[in-house]
There are 2 protein chains.
Amino acid sequence: MVERISDAEHEIMEVLWQKAPLTATEVADRVADSKGWSLQTVKTLLSRLAAKAVIGTERDGRRFLYSPLVERDTYLAGVSRKFVDRLFGGKVTPLVAHLAEADELSDDDIREIEELLRELKG
Amino acid sequence: MVERISDAEHEIMEVLWQKAPLTATEVADRVADSKGWSLQTVKTLLSRLAAKAVIGTERDGRRFLYSPLVERDTYLAGVSRKFVDRLFGGKVTPLVAHLAEADELSDDDIREIEELLRELKG
DNA sequence: CGCTACTGACTACATCTGTAGTTTCATCGA
DNA sequence: TCGATGAAACTACAGATGTAGTCAGTAGCG
């Protein structure tokens, strides 16, 4: 069971999943555009993630290099499961049905998913 | 935009979506099995939901009757959207792909979803 | 060799969450 | 009528979260 990751922490993880290892400053630079966090804020989030053992640290002279210890897929699997359990009784079909009914699915989406499912069976 | 509803509050909402209006005591009875919350806890959660205007209150003598002011579907739509946005870049296809790869989809699920999509197109 | 600047460590603090306890007011039964 | 009971309102409090500020140490530059 992967530790709970908060919304802000998740932003940091996305950066590290894209490229790692990175220093705190590099991470801060990469989130600077989307979020407007200060370097200190990013460092706090990195510390919390390290405390949860979701990322690892490696000394590099006077700085630290941070890398994810959890695969993005592993994390997504856990979160998706919790989400589907909590809101759709653990069944994926109602989720897809809901998204479809709520017009969240374009015709292209539908075609893509159909193709995907065909491959799965094959 | 529906106000953020916490996990515990969501449990209360599920009860009210199933049947409403209900008194605080009735709600407490209905969550007693699954969660082990005290009546006081349930009342606190009801107050917070009422403060967020997610449920409405109606005086009934010396008690209150609580009812949802937000449809379950509306709520699900918002939460699902946020979920897909945050974790799958707003695209549903990668979500389905992920669930599929993570073996979260049984053959039956796949058949169900295919049928669902066929109806959508028709 | 000493000062400056960058880095991690520690501290801060308001708000949200989970989980109640306590107080007060009204009502129903004896 | 008066006390017990039940309901809402108010208070509590620790841990998580978002968002930093401050302190202290070290390495590199002059």
Take B:Val79 and B:His10 through the side-chain contact (heavy atoms from CB on, under 4.5 Å) test and state the conclusion after the steps. CA-CA 11 Å; B:Val79 178; B:His10 179 234; over 6 Å; no
Any A:Ser6 side-chain N or O less than 4.0 Å from OP1/OP2 of D:dG18: yes
Would B:Leu65 and B:Leu39 show up in the same hydrophobic cluster when neighbours are defined by side-chain heavy atoms closer than 4.5 Å? no
Base, sugar-phosphate or nothing for B:Thr41? Non-hydrogen atoms, less than 4.0 Å. base
Rounded to whole Å, please give me the gap between CD1 in B:Ile55 and P in D:dA8. 11 Å
Choosing from C:dG8, C:dT22, D:dA7, which nucleotide comes nearest the side chain of A:Ala24? C:dG8
Hey, are A:Thr44 and A:Thr41 close enough side-chain-wise for a donor-acceptor pair under 3.5 Å? no
If I take atom CG in residue B:Leu65 and atom C1' in nucleotide D:dA7, what distance separates them, rounded to the nearest angstrom? 12 Å
Return the value, rounded to whole Å, for the distance between atom CD of A:Glu58 and atom P of C:dG8. 13 Å
Among C:dG21, C:dG8, C:dG18, which nucleotide sits nearest the side chain of B:Asp7? C:dG18
Between D:dT26 and A:Arg59, counting only base atoms on the nucleotide and side-chain atoms on the residue, is there a donor-acceptor pair under 3.5 Å? no
Check whether the side chain of B:Arg4 and the base of C:dT15 form a donor-acceptor pair under 3.5 Å. no
On a plain distance test, is the side chain of B:Thr44 in donor-acceptor contact with the base of C:dA20 below 3.5 Å? yes
For the side chain of B:Arg48, counting heavy atoms from C-beta on, which of C:dT17, D:dT22, C:dA20 is nearest? C:dT17
Of all the nucleotides listed (C:dA20, D:dG21, D:dT19), which has the minimum atom distance to the side chain of A:Gln40? D:dG21
Distance, rounded to the nearest Å, where A:Glu3 contributes CD and D:dG15 contributes P: 15 Å
In sequence, state the C-alpha distance, the side-chain angles, and the governing distance for A:Lys52 and A:Glu9, and then conclude on salt bridge (charged side-chain N to carboxylate O under 4.0 Å, His left out). CA-CA 11 Å; A:Lys52 292 179 189 174; A:Glu9 288 162 0; 2.6 Å; yes
Gap between atoms CG and P, on B:Leu45 and C:dT19 respectively (whole Å): 8 Å
A:Leu39 atom CG is separated from D:dT22 atom C1', nearest whole Å, by 14 Å
So, does A:Thr25 get its side chain near the phosphate of C:dT7, meaning an N or O under 4.0 Å from OP1 or OP2? yes
Length of the line joining A:His10:NE2 and D:dG18:C1', which is rounded to integer Å: 17 Å
Looking at B:Ala20 and B:Tyr66, what are the two nearest heavy atoms and their distance? CB-O, 4.1 Å
To the nearest angstrom, the CG-P distance between A:Asp29 and C:dC6 comes to 13 Å
Given the structure, check if the side chain of A:Arg62 and the base of D:dG28 hold any donor-acceptor pair shorter than 3.5 Å. no
State which of D:dA7, C:dG8, C:dG18 makes the closest approach to the side chain of B:Lys43. D:dA7
Output the single nucleotide from D:dT17, C:dG8, D:dA9 whose closest atom is nearest the side chain of A:Phe64. C:dG8
Given that A:Arg63 and B:Lys35 both sit by DNA chain C, which one's nearest nucleotide is further toward the 5' end? A:Arg63
For the student: nearest non-hydrogen atoms of A:Leu105 and A:Val96, plus distance: CD1-O, 4.4 Å
